[in-house]
Student: 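Here's a structure for you.
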Amino acid sequence: MNRTLATTRRVLTQVVHDKRTLGLLLVVPALLIGLVAWIFTETPVFDRIAGQLIAMFPFVTMFLVTSIATLRERRSGTLERLLTMPLSKADFILGYAIAFGLLALAQSIICVSWAVFVCGFDPGDHLVVFVATTMLNGILGTAFGLFASAFAATEFQAVQFMPALVFPQILLAGLFLPTDQLPRVLEIVAHLLPMTYAFDALTEVTAADPDLGAVALDNAVLGGFVVVLLTLGSLSLRRRTR
Amino acid sequence: MMNNSPQLAVRVDDLVVERGRTTVLDELSLSVERGAITGLLGPSGSGKTTLMRAIVGTQRITSGRVTVLGHPAGDRRLRTRLAYVTQSASVYDDLSVRENVSYFAAILGTGGDVDSVLTATDLADCADRRVGALSGGQRSRVSLAAALLGGPEVLVLDEPTVGLDPILRASLWDLFHRLAAEGTTLLVSSHVMDEATRCDDLLLLSAGRLLAQGTPTGLIERTGTDSIESAFISCARGGRP
């Protein structure tokens, strides 16, 4: 556990040293939420999609930051060095997941506060569940990033995984059209992707009289995806390479 | 003559490493003595790094056997007893020198000796500077400092003195000799032949094959030459009639 937390601390120190990344990570999502609220000023649209947008940002940003960070570890030789030391693969993977999970939490808190206090978004009565679900989305993005970076040989490829792996999920998850109105095949595909459950949970928890059982189930599915992706990610770490 | 003697830190038997269709290491057998500095010499592309990675246990091998301190290379019991410094510094550019070394110390579970390794590598003065802002020589010393943590029994160093000025190079060799005198086994690769005379034992590698093994003076005498460089050439020609 000490080695996991030492890794978490090291990753967070790296991010904190990089002031511009830290600023972009924490401030940009809130500004974009503000932009969307402004665009839809005279319509009810913002209240419908704000929850989903707030969930989308941690997923996307954590995916990008994690896949680049772990790719750098692979390429700079630091991962190889760590794997010759008494660091388990779980220490490495969980260290990253906790670090970016905490960043996702900070990001969600800023984003939700901005949406509520500045943009007049009504998050419903279960604010803690709402923020926890957004944070889970950030961890999901991290898990996806750790997994995807195993297949990227360069930073260019890693960045391209974003339109390849992230955009389809957002398109199918119900941001434009609720999943039950999609063509049957796409509806099935949508329910194989984690983002659908995230959007579902956030739509439910911000509703007037939410069914918290359904939210818990959605979050359990998200948790399952996180566990599977982190496991696959750790399998991609090899102590011996060619 | 090469039994599992307690004097040997590393033993390599019939090691073959193939990468795609190229044979990088071809039936290599050699040994590295404990508490001595063994120099691994050869031109670039001769397989030095691959051999070192096989000894460290990060290289996938085709056949043969590599034993380190009586355990198969890469064994988990070796993870605190052997340290490896790669040719390009494997450190975090966006952390300070001290943050880098402290993190690796936390992974090894040896919190106490951060200051002493920084002093040994002459980095105490720039401990709070970001590694990315340091010179190439300083960066590679940060990598070395991390490897010295916990006093490993075997140190595998891939070209540790490349790009260093002569004074720094001399002070690093002093450090290596001090470590060897304290019982540490060092395997140091170099393509600079004049560093060979600072080693206790030499392995001459060319095109994935071992040309010769012996002390610097022994090799010079055996080949009837006057320098390690000429001895290397003589061995290389003798090996390929």
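All values derive from a computational prediction rather than experimental measurement. Just so it is clear, the values below take in all heavy atoms, side chains as well, and ignore hydrogens, waters and symmetry mates. Lettering follows sequence order; numbering is per chain, from 1.
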Student: For a quick test of reading the model, state the closest non-hydrogen atom pair linking B/Ile107 to A/Met85 and the distance between them.
Tutor: CG2-CB, 3.9 Å

Student: If you measure from OG1 on B/Thr58 to CD on A/Glu80, what distance do you get to the nearest 0.5 Å?
Tutor: 4.0 Å

Student: B/Ala147 versus chain A, heavy atoms under 4.5 Å apart: side chain, backbone, both or neither?
Tutor: both

Student: Relative to chain A, which segment of B/Ser143 carries a heavy atom at a distance below 4.5 Å: side chain, backbone, both, or neither?
Tutor: both

Student: Check each atom of B/Arg76 against the heavy atoms of chain A and say whether the ones under 4.5 Å are side chain, backbone, both or neither.
Tutor: neither

Student: Would you say A/Arg81's side chain and B/Ser90's backbone share a donor-acceptor pair under 3.5 angstrom?
Tutor: yes

Student: Which atoms of A/Leu5 are under 4.5 Å from chain B, going by heavy atoms: the side chain, the backbone, both sets, or neither?
Tutor: neither

Student: Quick one: what part of B/Tyr103 sits under 4.5 Å from any heavy atom of chain A, side chain, backbone, both or neither?
Tutor: side chain

Student: Measuring heavy-atom distances to chain A, does B/Val91 have an atom under 4.5 Å in its side chain, in its backbone, in both, or in neither?
Tutor: both

Student: Which residue out of A/Leu87, A/Thr7, A/Val15 racks up the most heavy-atom pairs below 4.5 Å with chain B?
Tutor: A/Thr7

Student: My understanding is that only one of A/Arg10, A/Arg9, A/His17 makes a side-chain hydrogen bond (donor to acceptor under 3.5 Å, both in side chains) with B/Glu99; could you say which?
Tutor: A/His17

Student: Determine whether more than 12 heavy atoms belonging to other residues, nucleotides or ligands lie under 6.0 Å from atom CZ of A/Arg239.
Tutor: yes

Student: Within the distance-only criterion (no hydrogens, no angle test), does the side chain of B/Arg60 pair as donor or acceptor with the backbone N or O of A/Thr241 below 3.5 angstrom?
Tutor: no

Student: Is B/Arg130 close to chain A through its backbone or its side chain, or both, or neither, when contacts mean heavy atoms under 4.5 Å?
Tutor: neither

Student: Nearest 0.5 Å, please: how far is CG in A/Leu82 from CG in B/Leu108?
Tutor: 9.5 Å

Student: For the CD atom on B/Gln87, are there more than 12 heavy atoms of other groups (residues, nucleotides or ligands in this structure) within a distance under 6.0 Å?
Tutor: yes

Student: Could you give me the CA-CA distance, side-chain angles and deciding distance for B/Val56 and A/Thr84, then say whether side chain to side chain contact (heavy atoms under 4.5 Å, CB included) is met?
Tutor: CA-CA 7 Å; B/Val56 173; A/Thr84 66; 3.6 Å; yes

